[in-house]
Structures are given as C-alpha cells and as structure tokens.
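For reference, the structure discussed in these notes is given below.
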Amino acid sequence: MHLTREEEGILAGEEGRGRQKAMELVVALGDIYNAKRLIPVASAQVSGASFKTVGDAGIKFIEDFSSRARVSVRASLNPLGMDEKRWREMGVTSAFQKKQARIVAAYQAMGIELLYTCAPYLAGNRPRNGQHVAWAESSATVFANSYLGARTNREGGPSALAAAVVGKTAEYGLHLDESRKPRIRIEFEEIPEGLVPLAGYLVGKIAGKRVPYVEGVRLTADEHKSFGAAMAATGAVSLYVYPAPGKKKVDMSMIEECVSLPRSELMSCADDLRGDDSWDLVAIGCPHCSPSELKGMARFLKDRKPSKECDVWFCTSRKTYASCPKEVAVLRKFGKVLCDTCMVVAPIEDMYTRSASDSGKAMVYLPTLGKQRASFRTTGQLLEAISR
Ligand code: F3S
C-alpha cells in the first residue's frame with residue numbers, strides 16, 4: 001500500500017507511540033484487504049463502550065490507547081451499559097458502574113464526543129452524501145451508507161478508534177464504487193404495518209454478505225433506521241440500495257440472484273418470532289428512538305393509562321431526550337425513558353428473563369447477548385399492551 005511521507009513518519013513513531021499504534025492498525029487492515037492507499041475520514045463512530053461487551057480486557061486496551069493518543073477527527077461513542085444518571089433505577093450494580101466510568105473517562109481523555117448513541121446521525125454526527133467515514137456500530141454504518149450516502153466499512157471498535165486517531169482509513173470495501181454495486185435483488189410485495197424491522201431481518205438472512213437491491217419499500221427515515229439495523233444483525237449487510245426519486249440510476253450488472261418476498265413470508269416471520277405474552281420487560285428503541293418516534297408514541301399514549309404488569313424501557317439518546325421534554329413526561333408514566341444505553345448492551349440478563357421488542361435487531365441479540373426469551377411485536381402492539 002502506498003503511504004505518503006507523513007503517513008510513513010507516523011508509522012515510524014515520529015508523532016508518538018499512540019499515533020504509531022493507531023497507524024499500524026489502519027495499515028494492517030489496508031494490507032489485508034489490498035488497499036492501495038489511505039483516505040481521510042470526516043468522522044468516526046466508536047463502538048465497544050459498554051462494560052458488558054468489552055469486559056476487563058477491553059478496559060485495559062482502551063485505557064492503554066487513551067494514555068498515548070488523541071482523536072484527530074470528530075468521533076462519537078456508542079451506548080454504554082447503563083444510563084449515566086439513572087443507573088441505580090435501572091438496577092445496575094455499583095461494581096458495573098465503576099468499570100463503566102473508567103471506560104468513559106478513557107474515551108473522554110482521547111477527545112471522543114460522549115454521545116452514547118447508536119444513532120449519532122440524530123445527535124449531530126451526521127455525515128454528508130459522499131463523505132468517507134469510519135463507523136463501527138453496525139446499525140449506524142448501514143444507515144450512513146444506505147440512507148445518507150456516506151461511505152464506510154463496518155469497522156471494529158479498535159479500527160474505528162485507530163481511524164479516529166490518525167484521521168484516515170484504508171481505501172477498500174465500501175469506500176470503493178465497485179463494492180457498492182448490488183449483488184442480489186430482493187422484491188417485497190407489500191410490507192404490513194409495523195413489520196419493516198422484520199423485512200430488514202429477512203433481507204439480512206437472504207443477502208448475507210452481499211449488497212442487496214431492495215424493491216417494493218417506501219420508507220421514512222425512522223423506518224430506514226430499523227430496517228437497516230435488522231439486516232446488519234441477521235446478515236453482514238452494511239449497505240442496501242433502493243430506488244428513490246431523484247436517485248442516480250443503479251448499476252445492476254453484478255446482480256446474481258433475484259428473490260421475491262410475498263406478504264405471507266413476512267407474516268410467517270412475525271409468527272416465528274412471536275414468542276409468548278408473558279414478558280417482564282417491554283423494550284422499545286433499538287436503534288435509539290428519534291424525536292419523531294418519541295412524539296408518535298407520546299401521541300398514542302397521552303390519554304391512556306398504564307396497564308401491563310411489566311417494566312417498560314424506551315431507549316434514546318440524551319440529546320433526543322432533552323429535545324422532547326413533554327413527550328418524555330408522557331412516556332415516563334408508562335416506563336423508564338433511558339438515555340446512553342439500550343436493552344442489548346445493558347446487563348439485562350441480570351434483571352429480566354422474558355422481553356418483548358419491536359426491533360428486528362433486538363430479536364437477534366436479546367436471546368444471545370441478553371439471554372432473554374424474546375418476543376417480537378410491532379410498536380403499535382407493544383403500545384396497546386402497555387396501556388389501556
Ligand atoms: Fe442501538 Fe443497542 Fe440496538 S446499540 S442498534 S439500541 S442493540
């Protein structure tokens with residue numbers, strides 16, 4: 001891979017051990033994927049923030065990195081394992097909180113913006129069409145590539161961190177036009193109300209690592225958020241392509257398979273993931289709720305009363321929470337409006353065993369990372385269930 005004189009210098013340690021280590025990582029990835037050069041990134045999004053997912057070994061790595069390096073581009077952080085202010089109310093232990101605080105302090109010392117959200121594009125870190133970025137969170141990556149038109153690979157936590165430090169990433173994968181061409185065409189007959197997350201769930205399963213071209217979907221920005229998150233969880237999809245007015249013509253020359261998905265396929269997926277009705281937690285907000293989602297739910301609930309004998313979590317970013325005080329007040333009558341965290345990266349397995357969610361991504365991770373017996377319901381069904 002070609003390196004400029006400045007990049008060579010960083011690699012040789014001329015700018016300190018921290019930048020050298022970061023450059024080593026970026027270059028190693030470039031070599032593995034046969035990149036020809038490094039390119040500047042406009043921002044980074046760093047995952048590996050929850051103590052639950054990084055563990056003690058992760059703390060050591062982050063503290064070590066943090067003692068020697070600072071970020072050189074805008075970088076924001078994924079959700080933590082707890083709400084920073086209301087962790088006691090969640091049932092998080094003080095031992096967990098102490099470890100979590102060490103992780104936060106290390107990232108903060110590096111200059112990383114403590115947004116604690118998987119939807120940084122709703123909290124100020126929103127790349128423009130065509131910009132190269134280095135994002136790690138899978139749901140954010142697929143949204144950035146597919147909806148915002150930015151370019152990023154699905155980075156790992158350490159590689160996003162390294163890119164944030166050197167301000168560059170290796171030019172391979174989804175940074176290149178060639179890799180962004182769809183390889184499979186998936187056509188939906190119709191997506192029943194509330195089942196967009198399961199449409200994404202099926203796309204990921206079918207597409208696997210391939211870029212899908214998806215037809216028959218007309219989605220709002222919020223729906224793109226949950227659609228992409230689900231396919232990034234069931235498959236390794238970090239970009240999907242779809243027809244939209246004003247969008248440039250898609251190069252279909254690499255399509256190798258066409259699949260039609262009738263309405264019945266989505267209904268049977270919903271049936272398969274239905275589980276049962278006995279939940280001890282209803283969890284909404286994977287990915288983190290947007291202001292319009294909080295508003296829609298508050299509108300529905302405002303004249304109703306809580307009904308279900310189970311806890312309810314509405315997960316969002318602190319920025320969105322602060323921007324919707326009236327809606328938060330309504331939702332708080334029905335459950336906890338949690339910031340900085342979510343039902344997957346919080347230690348939910350120590351608190352609950354049976355949870356329901358409206359998220360296709362959560363249907364993958366609640367049973368695995370969260371050790372839950374998980375039930376899928378649409379947002380509307382969950383709101384009906386928790387109110388009367
Ligand atoms: Fe976000 Fe947690 Fe879901 S990080 S995408 S809410 S698993």
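In what follows, residues are counted from 1 in the order of the sequence shown.
In this structure, Tyr242 has its ring center at least 6.0 angstrom away from the ring center of Tyr213. Between Phe334 and Phe314, the ring centre distance reaches or exceeds 6.0 Å.
Ion pairing of Glu14 with Arg5 is present here, as a side-chain N (NZ or NE/NH1/NH2) and a carboxylate O approach within less than 4.0 Å. In this structure, Lys168 pairs ionically with Glu7, as a charged nitrogen and a carboxylate oxygen lie closer than 4.0 Å. A salt bridge does not link Arg354 with Asp277: every distance from a Lys NZ or Arg NE/NH1/NH2 to an Asp or Glu carboxylate oxygen is 4.0 Å or more. The pair Arg373-Asp276 counts as a salt bridge, with a side-chain nitrogen and a carboxylate oxygen less than 4.0 angstrom apart. The pair Asp340-Lys85 fails the salt-bridge criterion, with no side-chain N (NZ, NE, NH1 or NH2) lying under 4.0 Å from an Asp/Glu carboxylate O. Under 4.0 Å is where a charged nitrogen must lie from a carboxylate oxygen, and between Lys361 and Glu137 at least one such pair does. Looking at Arg210 and Glu256, a side-chain N of the basic residue comes within less than 4.0 Å of a carboxylate O on the acidic one, giving a salt bridge. Remark: Glu178 engages Lys181 in a salt bridge, criterion side-chain N to carboxylate O under 4.0 Å.
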List, one per line, each side-chain donor-acceptor pair under 3.5 Å for residues 186-195, sequence neighbours excluded.
residue: Glu189; atom: OE1; partner: Arg263; partner atom: N; Å: 2.7
residue: Glu190; atom: OE1; partner: Arg263; partner atom: NH1; Å: 3.4
residue: Glu190; atom: OE2; partner: Arg263; partner atom: NH1; Å: 2.9

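Each of Thr316, Asp222, Thr320 was scored for a side chain to side chain donor-acceptor pair (under 3.5 Å) with Ser290, with one residue passing: Asp222.
Under a 3.5 Å cut-off, the side chain of Ser238 and the backbone N or O of Val142 do not form any donor-acceptor pair.
Considering every non-hydrogen atom in both Gln381 and Thr378, the closest pair reads OE1-N, 2.9 Å.
In summary, the side chains of His288 and Thr117 do present a donor paired with an acceptor at a separation below 3.5 Å, with no hydrogens or angles considered.
Put simply, the side chain of Glu8 reaches to within 4.5 Å of the side chain of Leu3, judged on heavy atoms.
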